[in-house]
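So that the names make sense, note that chain A is the first sequence line, chain B the second, and so on, each numbered from 1.
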There are 2 protein chains.
Amino acid sequence: MKTGQRTTEPAELQSAEPRAKPTEDPSPGPAAPGLRERKKQRTRDALLRAALELFTTKGFEETTVDEITEIVEVSQRTFFRYFANKEEVAFAVQEMVEARFVQSLRERPAEEAPLVALRGAILGAWEAMGQSIEEVVPVELHMSTYQMIESTPSLLAAHLRRSMETEDEIARVIAEREGLDVDSDPRPRVAVAAFSGVMRVTGRLWGAGEDTSVESIRELTEQYLDHLGPALAGNWRTP
Amino acid sequence: MKTGQRTTEPAELQSAEPRAKPTEDPSPGPAAPGLRERKKQRTRDALLRAALELFTTKGFEETTVDEITEIVEVSQRTFFRYFANKEEVAFAVQEMVEARFVQSLRERPAEEAPLVALRGAILGAWEAMGQSIEEVVPVELHMSTYQMIESTPSLLAAHLRRSMETEDEIARVIAEREGLDVDSDPRPRVAVAAFSGVMRVTGRLWGAGEDTSVESIRELTEQYLDHLGPALAGNWRTP
DNA sequence: TGTCAATTGTCAGTCGCTGTCACTAGCCTG
DNA sequence: CAGGCTAGTGACAGCGACTGACAATTGACA
């Protein structure tokens, strides 16, 4: 069964509509993006949600692209026009979250020591995230997606590569704050590596535990970062 | 062209023979593994070398499994009986190297502080590696394979996942040395994360530079680890 | 030499992903 | 508001990685 054959209504496309929080304005606000644009957005959201739903219930490898497109009632080709590959769908939300964290870090006061800023950024970010996620998919779904990624070898690999790229960006931000050069001074990358190491550990512990609340991961992170302090902290600008 | 059609001699299989350094004994020693076993080993080695050769010259994605099997003159199915997937071939040597490092770490004197042991293990391992690698493929080939992995997204991802698993093992070894529990005390994992971060940075710098000698990477590693010291060192057993 | 079991080849089929082409529906210009 | 432009789509064909099933070979061993 390579392609669906249009028999029922595109249920997912419908249910996708009553989302987003464009402040209820029917005309002004951020300007209606035009019918074409909205339709596209709806299709993308529908594909995303259908995919995550399937991934988390029957597994990533076990889910076929055809199965996804069948639910949303579009052709397989259309799926690949929205997402470069099956993997990309799984990280759509993560992508957003990471961008938010980096932004959060950039906004930290310049006086803060590297690890203080990182700590502040991640803890602050956890707060806002819940909201923005909900705009696209239920938080609960994002939670299970995260756990699913951690337990799917190929996705875990992709996740790590993405993390590495993010780490690189973070290291550059840190280096900039401290007036250092990332490529000659190892400290920014080392600090970020250690920091990210803690993130990964807490992330895994959280995924393995019962409490899937945002508070849970926030507190765990905070606690672990406290342990990291004595080992890595210290203001580099006053040797 | 799905399968080759047996016309020329299996050149690679032949040239694969005069390798290994089984101390020249024709009968005693570790006991001859029998014809069947040796034949299998030769096929595996031939596949491995042909694959790496192709990967490093024309790229991983651009290399077809059929192309590999065509050179070695075996069926595609046979390839997949030796290697679970195309990826696995690319990491065959790395696998060996990592195992050697972990072993090297396990043999460090118990008195050494965590980072001292890690440092000693990696520097010592770099020495021996050259030899054992040569038993399977030319060192030069392994070097270019490493660089190739770093510059191929999908392989880099896989590489990181494998690294993570190795890190986990290392963290457990460290924790054991210090009498700690990896899951409750974050320090082992954090230290290993920082250490691995340095490894990754030096590895990338080395791959980007000119000098592809083993000494080069050894010295680079040493130098960077020295910088890490003041930030993470300290004997945990005397708080 | 004959039997057993490991290796391998062959064949058919699934699935991720891409190129191509024709078609339709928003959108824009005259 | 007609007519053209183009983004978005569906339908197909096809490639390459990978797997299951079965038959043919071949080393190991009695």
For the pair E167(A) and R189(A), find out whether any cationic side-chain nitrogen is under 4.0 Å from an anionic carboxylate oxygen. no

Given side chains that start at C-beta, do those of L141(A) and F55(A) come closer than 4.5 Å, heavy atoms only? no

In whole Å, what is the span from the CD atom of E37(A) to the P atom of dT6(D)? 17 Å

Side-chain donor-acceptor pair under 3.5 Å between E107(A) and Q103(A), yes or no? yes

First encountered from the 5' end of DNA chain C, between T64(A) and K40(B): K40(B)

Give the nucleotide from the list dC17(C), dG10(D), dT19(D) with an atom nearest to the side chain of S75(A). dG10(D)

Whole-Å distance between dC15(C) P and F55(A) CZ? 14 Å

Could you check which of dG26(C), dT8(C), dT9(D) has an atom nearest any side-chain atom of K39(A)? dG26(C)

dT10(C) P sits how many Å from R77(B) CZ, rounded? 13 Å

Measure CD/E62(B) against P/dT18(C) and give the value in whole Å, please. 13 Å

How long is the line joining CD of E61(B) and C1' of dA17(D), in whole Å? 11 Å

Integer-rounded Å distance: dG8(D) P and F83(A) CZ: 14 Å

Could you tell me if T166(A) and S163(A) have a donor-acceptor pair between their side chains, going purely by distance under 3.5 Å? no

Determine the contact category for S154(A): base if any of its heavy atoms lies under 4.0 Å from a base atom, sugar-phosphate if only primed atoms, P, OP1 or OP2 are that close, otherwise nothing. nothing

On DNA chain D, nearest-nucleotide positions of K86(B) versus R81(B): which is more 5'? K86(B)

If you only use heavy atoms from C-beta on, which nucleotide in dG8(D), dG10(D), dC17(C) is closest to the side chain of Y82(A)? dG8(D)

How about R161(A) and S154(B): do any of their side-chain heavy atoms sit closer than 4.5 Å? no

In whole angstrom, give the distance that lies between atom CZ of R44(B) and atom P of dA6(C). 20 Å

What's the CD-P distance between Q76(A) and dT14(C), to the nearest Å? 14 Å

